2 protein chains.
Amino acid sequence: MSGGVEWALHCCVVLTSVDEPAPAARLAQLHDVSPSYLAKQLQALSRADLIRSVQGKAGGYVLTRPPSEITVLDVVEAIEGPGPAFICTEIRQRGPMATPPEACTAPCAISRAMANAEVQWRAALREVTIANLADDVRGDYGPGALAGIGTWFREDS
Amino acid sequence: MSGGVEWALHCCVVLTSVDEPAPAARLAQLHDVSPSYLAKQLQALSRADLIRSVQGKAGGYVLTRPPSEITVLDVVEAIEGPGPAFICTEIRQRGPMATPPEACTAPCAISRAMANAEVQWRAALREVTIANLADDVRGDYGPGALAGIGTWFREDS
DNA sequence: GGGCAAGTACTCGGATAGGCCCTGTCCGAGTACGGCCGG
DNA sequence: CCGGCCGTACTCGGACAGGGCCTATCCGAGTACTTGCCC
């Protein structure tokens, strides 16, 4: 799985506690990661309409929806792409004992098993929202953790 | 996800209906895939003790256990590796607002959410065995489908 | 003092190279079978 | 006719290149703020 997913999720949680637009360079500085590459991930989130870009001098990125309406699955699909991880190449229709195409109306048993597992995976990710993550962070490190990041964005350095 | 997983699963299902050792070249011919590359996947299954190799002139691969005791998860982990797909790089401990290491005894909320989703995914794959897949194949295409493959292995061509 | 306009500096966005892992391939080590020879 | 031995042919196993996607980077287009000027 792409490592950019972790960066994107952290950025979404941070955006929860910042009402002003947050520039990509500042987010990269906060996480100590490559600014250029993080910009690419944020562009992917922007294309998926999870965040909106504000141009100009005091511009940056802002969440387009309340954090409780953005799921972890949304972020993962925005970065990794909406397609399934397992792709059936229909090898049952190849070779000397190939299954005739007219008998292949339904996906094969292997494809069904893998697809079902991915459904379970997606369901688990869909149950967790960015707001849930932010609440968990407050519970783990205290309410001031996210608030401190919010104020840090207004400082210079 | 590696495409070799699909090949490996199909090979395991085929091995269900073949009691004699099945050579890798014959399995590749049956599925019309690269013999050399399929050999690599079968070696991975052998290292995981899911199949056992029989050397010599009439050698090949045989399942080491009853098909009902081999899960799809076993095959996936043998090919893809047992490690998790999402790897937390602990970026919460980096940057100017880094969380102190003594507060990082438990995984972060993002890591927990992703790990939980993978647990669900693994659980779904663990519920399906190779025997279940073989039964589904018989249900989909008739009982003679797998049996025909079994007899095909004894023919020349 | 207020309004307007130009300049500036900061922002995002897409197009562009490099590295690592998956894909695909090859040849060598090892072993069971088949044939041959000797008893 | 039977047993032992050798040759062969077939098998797996690990080591070796090529391609594609992820990682990382850069520069250009666009916009809001600031500043200076004019009325």
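Letters go in sequence order (proteins before strands), and every chain restarts at 1. In this text the structure is predicted, and so the values were computed from the model without any measurement.
- Classification of B:Glu118 and B:Arg122 as a salt-bridged pair holds, one side-chain N sitting under 4.0 Å from a carboxylate O.
- Between the CG atom of B:Leu38 and the P atom of D:dG14 there is a distance of 16 Å, given to the nearest Å.
- One atom, CD of A:Gln41, and another, P of D:dA24, lie 9 Å apart when rounded to the nearest Å.
- Judged by distance alone, the side chain of A:Asp74 and the main-chain N or O of A:Thr71 form a donor-acceptor pair under 3.5 Å.
- When heavy atoms are screened at a 4.0 angstrom cut-off, B:Ser2 is found touching the sugar-phosphate backbone but no base atom.
- A cation-pi arrangement is absent between B:Arg126 and B:Trp121 under the rule of less than 6.0 angstrom and at most 45 degrees off the ring axis.
- When the P atom of C:dC10 is taken as reference, atom NZ of A:Lys57 falls 6 Å away, rounded to whole Å.
- Between A:Ile51 atom CD1 and C:dG13 atom C1' there is a gap of 12 Å when expressed in whole angstrom units.
- Listed nucleotides: C:dA15, C:dT23, D:dC12. Nearest to the side chain of A:Lys40: C:dA15.
- With DNA chain D read from its 5' end, the first of the two nearest nucleotides for B:Tyr61 and A:Gly4 is the one closest to B:Tyr61.
- The side chain of B:Gln43 lies closest to D:dG14, out of C:dT25, D:dG14, C:dG34.
- Checking the phosphate oxygens (OP1, OP2) of C:dG19, no side-chain nitrogen or oxygen of A:Tyr37 falls inside 4.0 Å.
- What separates CG of B:Asp49 from C1' of D:dG13 is a distance of 15 Å, to the nearest Å.
- At a threshold of 4.0 Å, the pair B:Arg112-A:Asp140 counts as salt-bridged, since one of the basic side-chain nitrogens sits closer than that to a carboxylate oxygen.
- Listed nucleotides: C:dG24, C:dC10, D:dG30. Nearest to the side chain of B:Trp7: C:dG24.
- Contact annotation for B:Arg47: backbone-only contact, meaning every heavy-atom pair under 4.0 Å involves sugar-phosphate atoms and none involves a base.
- For A:Ser53, whose side chain is taken as the heavy atoms from C-beta onward, the closest listed nucleotide among D:dC12, C:dG13, C:dC22 is C:dG13.
- Note on A:Ala24: only backbone sugar-phosphate atoms sit closer than 4.0 angstrom, heavy atoms only; bases stay farther off.
- Between B:Glu80 and A:Ala39, the residue whose closest nucleotide on DNA chain C is further toward the 5' end is A:Ala39.
- Closest-nucleotide positions on DNA chain D for A:Pro35 and A:Ala58 were compared, and the one nearer the 5' end corresponds to A:Pro35.
- Closest approach to the B:Ser34 side chain among C:dG34, C:dT25, D:dG30 is made by C:dT25 (side chain taken as heavy atoms from C-beta onward).
- With hydrogens and angles ignored, the 3.5 Å screen pairs no side-chain donor or acceptor of B:Ser111 with any backbone N or O of B:Cys108.
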